[in-house]
Amino acid sequence: MSGKQMAIEYLKGVGPERARLLKEELNIKTFQDLLHFFPKRYIDRSKFYNINSLPQNNSEIQIKGKITEIEYVNQKRGKRMVARFEDETGVMELVWFRGYKWIRESLKINQRYVIFGRLNWFKGNASIPHPELELEAKFQNNLMASFYPVYASTEKLVNKGLSQRVIQKLVANLILKEGNAFTETLPKYILSHYKLISKIKAIKEVHYPKSQNNLIEAQTRLKFEEFFYMQLQLILKNMQRKNKIKGFVFSKVGNSFNEFFNKHLPFSLTEAQKRVVKEIRNDLGSGRQMNRLLQGDVGSGKTIVALLIMLIAIDNGYQACLVAPTEILAKQHYESLIKLLQNTHVKIKLLTGSTTNKDRKDLKKELENGELNILIGTHAVFEEKVQFKNLGLAIVDEQHRFGVAQRAKLWEKSLTPPHVLVMTATPIPRTLAMSIYGDLDVSLIDKLPPGRKPIKTLHRYENKRLSVFAFIKEQIKEGRQVYIVYPLIQESEKLDYNNLMEGYESISRSFSKPRYQISIVHGQMSSENKSYEMERFIEGKTQIMIATTVIEVGVNIPNASVMIVESSERFGLSQLHQLRGRVGRGNAQSYCILMSGSKLSDGAKTRIDTMVKSNDGFEIAEVDLRLRGPGNLMGIQQSGILRLKIGDIIKDSNLLKVARNTANGILKKDPELKRVENQLIKRTLASLSFNTNIWNFIS
Ligand code: ADP
Ligand code: MG
């Protein structure tokens with residue numbers, strides 16, 4: 001047993017006060033924590049600048065020279081200390097605005113220093129505020145490596161004297177003292193298979209790398225370890241869930257399915273759809289509860305998959321429900337399913353906020369006595385008590401609206417939980433999805449149905465509005481329909497509403513009655529009015545649908561071929577992709593036109609450019625991920641993936657994949673980790689608990 005678990009206050013140079021700060025500000029409590037406090041970047045300290053050839057920017061640099069003079073300059077509040085600093089090539093200033101009393105005492109005039117800090121340029125003169133200083137002689141002695149670590153820090157730490165330099169020294173001391181006391185956490189066969197360096201070496205090199213190459217080796221090793229144990233935990237959790245939670249057994253495919261499949265299926269399934277149906281069927285027959293995520297880009301055909309597996313539930317004597325995030329979408333699901341099922345004996349009903357009391361009463365009765373096979377509804381509706389006779393399958397079409405937590409509400413009361421399928425149109429790269437959702441299985445529809453013409457996406461500035469309107473008229477002349485969508489952002493709902501109404505008026509002027517008919521749908525309308533307006537558009541009575549983002553999810557109107565997004569710079573990427581997915585559903589060539597003002601932020605420009613360049617939801621999702629970080633992904637907060645210390649699920653996704661496969665392979669052969677060669681893994685794992693981050697273990 002080494003001293004790594006020792007409280008940080010016992011480290012030389014720390015003490016109780018600093019220990020408290022380290023704990024509060026950085027969550028560093030033990031020696032171990034400090035060694036696993038990895039640098040956020042590195043500075044090449046083998047490089048020195050001359051004062052007469054400094055870079056003309058604000059970079060961090062290093063200079064050798066001496067301080068020849070110190071003076072104090074009065075300023076608005078208090079004063080500042082200015083030191084004249086010279087090397088063989090020139091003179092510059094070092095400046096302190098606070099804490100200079102203490103610094104002044106230790107400064108030695110006319111002795112050679114190495115200074116380090118961020119350049120500041122003012123009227124052509126360079127200075128460095130609050131530089132780090134070290135006597136040159138000492139600097140050479142201290143130099144452990146040419147790359148110096150830079151750690152995350154806080155204002156408070158710096159103000160209390162825990163500067164970068166101090167933290168660097170603390171870590172360096174600790175490595176000297178404890179650096180050889182690390183027990184390996186990965187078995188030899190893994191290390192040698194992937195040519196990973198030892199834990200000891202990795203810890204040393206990650207703080208003070210001797211070369212760029214050593215640094216990469218160290219980071220790779222530590223990232224692998226982090227990913228590997230995280231994946232092991234996730235996979236084990238999934239295995240345990242499967243063993244523990246019994247599910248209804250849907251053992252057969254019967255009449256409902258076969259009749260529909262053979263007689264009423266309006267098209268043949270794509271290979272991707274077939275594969276996914278098969279994956280789901282396997283789950284349903286396994287005797288364990290299914291908990292599966294179905295990913296498929298907009299328009300990839302998830303609805304028919306949902307229907308087919310609901311039919312399997314019915315064939316096995318169970319009921320099924322399909323939940324949608326909005327009333328419009330629930331209704332749309334209902335209508336398309338009714339149509340598909342019209343010549344079958346399957347009984348299906350819709351329950352939303354606008355269902356009348358009488359209908360509601362009948363519906364509840366049929367639900368309870370089992371007459372009703374399929375219930376479609378909004379999420380809100382399920383909050384009021386509906387009682388199924390025997391709900392066997394719940395499908396949540398969440399697009400990207402529902403949070404993970406809400407799902408559980410639906411069936412928390414039933415003894416045996418129904419099988420659950422969550423459908424989402426927010427594509428996440430597959431390994432990433434498995435890592436994020438952890439205890440969900442993932443199916444993927446990765447190909448669109450055949451014959452789709454790729455949507456043409458264009459970016460137009462406001463000053464091209466007239467030609468955009470002319471284009472809309474052309475399209476309408478050819479019998480097409482057009483969406484015009486305005487942003488809706490919670491904080492400025494009123495402003496957005498005004499925007500929308502202004503837009504409506506201006507469009508009404510350019511597209512006047514009776515030649516043109518316009519529908520309008522927005523959040524402040526009653527659902528009755530919304531449905532009415534929607535209906536008119538669906539029936540082709542109106543050619544233009546003006547809407548806020550309420551239409552973004554799921555709406556399927558094949559004759560609509562143009563999507564105009566107003567103020568597109570205000571939309572997120574996945575939202576834009578969702579909106580675009582509303583067109584391109586019929587046979588005609590479809591268009592998505594992104595309108596914007598002339599001033600675009602870098603982010604907005606990247607988003608719009610990405611949309612113009614790519615129709616691929618996965619590619620778009622990756623850009624979105626890079627722009628916004630994984631924190632915005634649905635469900636990710638629960639996953640622990642944000643607590644990673646060194647791995648980055650986006651940048652290191654390949655390594656993540658390798659680690660996941662390795663973990664999977666090991667558990668497949670040795671699910672209880674009984675083999676001799678896996679004892680180290682078992683021990684390491686045992687010292688982890690799921691909710692603490694993986695570095696908090698001691699071996
Ligand atoms: P989403 O995955 O976005 O929910 P939908 O289920 O609404 O997509 O399907 C989009 C459109 O594609 C629908 O009009 C549907 O009828 C059609 N579709 C689905 N599967 C196929 C297929 N295999 N062949 C042809 N058209 C299909
Ligand atoms: Mg859909």
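Note that these values count all heavy atoms, side chains included, but never hydrogens, waters or copies made by symmetry. Everything numeric here is computed off the predicted structure, so don't read it as measured data. Remember, it's 1-based here, ligands and their atoms both numbered in the order they're listed.
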- Kindly write out the residues that satisfy ring-ring contact (aromatic ring centres under 6.0 Å, His included) with F471, not counting sequence neighbours, or none if the list is empty.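 For F471 the ring-ring contact (aromatic ring centres under 6.0 Å, His included) partners, ignoring immediate neighbours, are Y591.
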- Pairing residues for Y461 by the ring-ring contact (aromatic ring centres under 6.0 Å, His included) criterion, not counting sequence neighbours: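 For Y461 the ring-ring contact (aromatic ring centres under 6.0 Å, His included) partners, ignoring immediate neighbours, are H459.
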Does the residue [X] have a heavy-atom contact with ligand 1, meaning some pair of atoms that are separated by less than 4.0 Å?
| X | answer |
| --- | --- |
| Q332 | no |
| D297 | yes |
| P266 | no |
| G296 | no |

- So which bit of R452 gets within less than 4.0 Å of ligand 1, heavy atoms only: side chain, backbone, both or neither? side chain
With a cut-off of 4.0 Å, which atoms of ligand 1 are near a heavy atom of [X]?
| X | result |
| --- | --- |
| L269 | 23 (N) |
| S268 | 22 (C), 23 (N), 24 (N) |
| T270 | 23 (N) |
| R585 | 3 (O), 7 (O), 10 (C) |
| T303 | 4 (O), 5 (P), 6 (O), 7 (O) |

- Does the side chain of I472 come within less than 4.5 Å of F511's, by heavy atoms? yes
- Between Y504 and Y486, does the ring centroid distance fall short of 6.0 Å?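 Ring-ring flag for Y504/Y486: false, centres at least 6.0 Å apart.
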- Message: Tell me which one of L375, L367, I314 satisfies side chain to side chain contact (heavy atoms under 4.5 Å, CB included) with Q319.
- Response: L367
- Task: Determine whether more than 12 heavy atoms belonging to other residues, nucleotides or ligands lie under 6.0 Å from atom CZ of R536.
- Result: yes
- Message: Can you confirm, on distance only, whether ligand 1 has an N/O atom lying under 3.5 Å from any N/O atom belonging to P450?
- Response: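 The answer is no, given that P450 and ligand 1 share no N or O pair closer than 3.5 Å.
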- Run the side-chain hydrogen bond (donor to acceptor under 3.5 Å, both in side chains) check on R292 and S443 step by step: do they pass? CA-CA 7 Å; R292 190 170 273 279; S443 284; 2.7 Å; yes
- Message: Could you check whether K274 pairs with E271 (Lys NZ or Arg NE/NH1/NH2 to Asp/Glu carboxylate O, under 4.0 Å)?
- Response: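 Yes, K274 and E271 are salt-bridged.
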